[in-house]
Every structure is written in structure tokens, then in C-alpha cells.
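I have placed the structure first, in the form of C-alpha cells, so that the comments after it can refer back to it.
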Amino acid sequence: MTLVIADTGPLHYLVLIDAVDVLPQLYGRVMIPAAVRDELTHTNSPAAAKRWIGDLPQWCEIRSAASVPVAAGLGPGEAEAIALAQEVGADLILLDDRAARAEALRRGLLIAGTIGVLADAANHDLIDLPKAFERLSRTPFYVDPKLLDGLLAQDSQRKARRGTKPKDTDS
């Protein structure tokens, strides 16, 4: 079983596009830092994220890091996610923020972001990648369109090779 630490961004967007349930299917156990919980319950957080964190699935655990060193340019959730990932020896950390990803890599952590999770889920036939990207496009999430085009082309080739039809995430 893979131990994953999740920052606010990936959880936020996966909840908004109704794809957060791919996390336990892909990784098993997901740990959420207390600061991330606080960010997801903040007044400005979308109602869907507040509902999700308020009724946390069994495959999630909220945990505080013992020590959160100050890291320039990182928010509280990102800093605690990185600290917790190091503390518990996480297999993977989910981060979208560029500065946070750079800091996690500097500390030797394996990272993925929202797009990586969606691509991984599509590779396991858990979601329909074009539909997931279309739903993501209706949120404030930004990603380089060239990256999406490349991943969609790979997904199309994979589907053609396998002759598989992915599960529809609209259900």
C-alpha cells in the first residue's frame, strides 16, 4: 500500500471535478496535514470541498507534522505537507504549486499533482481523461494547454492499443 500526503490544491480540484475517489484506488492510504484541513474548511473554500473534508472518507487520515520548518514562499498547507511527507516517509506527495514542488524535489520527495493523478487514473481505466480535463477547465485551475494536448494524445493511443473503454466519472 502506498502512503500519500496530499496538499490542498490537488484535493480541492479533485473534489470539484468529482474525481477524488480515484485516490484510494490508485494509492490506498492518503494522509492530510492539519493545515490542509484548515485550508479546505476556510470561509473562501468551495462548498464541495468543505462538505468533503467534513465527511472525510475512511481512506483519509488527518495528521499534524511534529515540526514544520519555515520555507520561503510556501503556504501553511504546503509547508506542513512537505514536513509530514518527510516525517512519515511518504511514498508520494501531491502538490500543484510550483514553489512547493521545487522544495519537495529539493528534499528528495516524489511528487505528483492534479494532472498527474488524473493521467494515472486514466492509465488504470478509472476515469475518462478528456471528460476529467473538460470538468477541470471549468474551474480556476491553470495548466499549459500543450501539456493537456500531449496527455490526451497519449491517452488516445493507450485506449487504441488496449481496446479499453474507461469508466465514466459522471456517475
Side-chain angles (χ1 to χ4, degrees), residues 1-33 36-37 39-41 45-63 77-78 80-82 84-85 88-98 100-101 104 109-145 147-171:
M1 183 182 295
T2 303
L3 174 57
V4 173
I5 306 298
D7 183 36
T8 307
L11 288 173
H12 171 104
Y13 289 107
L14 291 170
V15 166
L16 287 182
I17 67 168
D18 199 27
V20 73
D21 290 333
V22 302
L23 293 175
Q25 296 174 69
L26 291 171
Y27 311 122
R29 191 167 150 214
V30 177
M31 214 174 267
I32 300 171
V36 168
R37 176 204 53 219
E39 290 175 357
L40 289 171
T41 58
S45 190
K50 290 178 190 175
R51 278 192 305 276
W52 183 82
I53 197 74
D55 188 22
L56 199 63
Q58 290 184 338
W59 46 266
C60 285
E61 173 187 346
I62 295 176
R63 183 179 296 181
E78 297 155 351
E80 188 173 9
I82 291 168
L84 186 59
V88 300
D91 300 297
L92 182 68
I93 184 169
L94 304 180
L95 297 161
D96 284 334
D97 180 79
R98 187 174 298 195
R101 290 170 69 95
L109 297 170
L110 182 61
I111 61 170
T114 301
I115 298 299
V117 169
L118 293 173
D120 198 15
N123 285 335
H124 286 86
D125 294 320
L126 299 174
I127 63 166
D128 181 275
L129 195 60
K131 286 182 181 178
F133 283 175
E134 194 279 322
R135 284 194 298 274
L136 193 60
S137 74
R138 290 187 247 138
T139 72
F141 187 88
Y142 175 77
V143 62
D144 185 338
L147 174 63
L148 293 185
D149 290 344
L151 289 170
L152 288 170
Q154 289 174 5
D155 184 61
S156 180
Q157 292 169 356
R158 178 190 57 79
K159 288 177 189 173
R161 280 193 311 272
R162 287 188 184 174
T164 59
K165 192 168 188 162
K167 293 179 182 177
D168 187 349
T169 56
D170 286 339
S171 50

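Worth knowing before you read on, the calculation uses all heavy atoms, side chains too, and leaves out hydrogens, waters and symmetry mates.
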Task: Identified side chain to side chain contact (heavy atoms under 4.5 Å, CB included) partner of I32 from the options L84, D7, I53 - done: I53

Open item on the list: What's the separation between atom CD in E78 and atom CD1 in I93, rounded to the nearest 0.5 Å?
Closed with: 9.5 Å

Open item on the list: Could you check whether any side-chain N or O of R135 sits under 3.5 Å from a backbone N or O of L16, counting only pairs where one atom can act as donor and the other as acceptor?
Closed with: no

Name the atoms and distances for all side-chain donor-acceptor pairs under 3.5 Å in residues 109-119, with sequence neighbours left out.
residue, atom, partner, partner atom, Å
T114, OG1, D96, OD1, 3.3
T114, OG1, D96, OD2, 2.6

Task: Least distance between heavy atoms, I82 atom then A100 atom - done: CD1-O, 3.5 Å

TODO: Please report the C-alpha distance between H12 and L40 in whole Å, then the side-chain angles of each, then the deciding distance to 0.1 Å, and finally whether the side chain to side chain contact (heavy atoms under 4.5 Å, CB included) criterion is met.
DONE: CA-CA 7 Å; H12 171 104; L40 289 171; 4.2 Å; yes

Task: Test salt bridge (charged side-chain N to carboxylate O under 4.0 Å, His left out) applied to R158 and D125, step by step - done: CA-CA 10 Å; R158 178 190 57 79; D125 294 320; 2.8 Å; yes

- [ ] Count the heavy atoms of every other residue, nucleotide or ligand shown that sit under 6.0 Å from CG of D55, and state whether that count exceeds 12.
- [x] no

TODO: Taking all non-hydrogen atoms of both residues into account, name the closest pair between L95 and A104 and its distance.
DONE: CD1-CB, 3.6 Å

Open item on the list: Let me confirm one number: the OH-CG distance from Y27 to D91, rounded to the nearest 0.5 Å.
Closed with: 11.0 Å

TODO: Take L23 and L14 through the side chain to side chain contact (heavy atoms under 4.5 Å, CB included) test and state the conclusion after the steps.
DONE: CA-CA 9 Å; L23 293 175; L14 291 170; 4.0 Å; yes

TODO: Apply salt bridge (charged side-chain N to carboxylate O under 4.0 Å, His left out) to the pair D155 and K159, showing each step before the final yes or no.
DONE: CA-CA 6 Å; D155 184 61; K159 288 177 189 173; 3.1 Å; yes

Open item on the list: So, using ring pair (Phe, Tyr, Trp, His ring centres under 6.0 Å) as the criterion, who are the partners of F133 when residues are at least two apart?
Closed with: none

Task: Shortest non-hydrogen contact from R63 toward E80 - done: O-OE2, 3.9 Å

Open item on the list: Using every non-hydrogen atom in the two residues, find where S45 and K50 come nearest and quote the distance to one decimal.
Closed with: O-CE, 3.1 Å

Task: Exercise: identify the closest heavy-atom pair between A6 and V36 - done: O-CG2, 3.7 Å

Open item on the list: Return the OG1 to CZ distance between T8 and R37, rounded to the nearest 0.5 Å.
Closed with: 11.0 Å

- [ ] Check step by step if side chain to side chain contact (heavy atoms under 4.5 Å, CB included) holds for L11 and L94.
- [x] CA-CA 9 Å; L11 288 173; L94 304 180; 5.8 Å; no

Task: Interatomic distance, L129 atom CG to Q154 atom CD [nearest 0.5 angstrom] - done: 9.5 Å

Open item on the list: Would you call the rings of W59 and W52 parallel, tilted or perpendicular, taking 30° and 60° as the class edges?
Closed with: tilted

Open item on the list: Using a 3.5 Å distance criterion without hydrogens, assess whether the side chain of E39 forms a donor-acceptor pair with backbone atoms of G77.
Closed with: yes

TODO: Answer yes or no: is there a donor N or O on one side and an acceptor on the other, between the side chain of S156 and the main chain of A153, under 3.5 Å?
DONE: no

Open item on the list: Rounded at 0.5 Å granularity, tell me how far CE in M31 sits from CG in L3.
Closed with: 4.5 Å

- [ ] Heavy atoms only: give me the nearest P130-D128 pair and the separation to one decimal.
- [x] CD-OD1, 3.2 Å

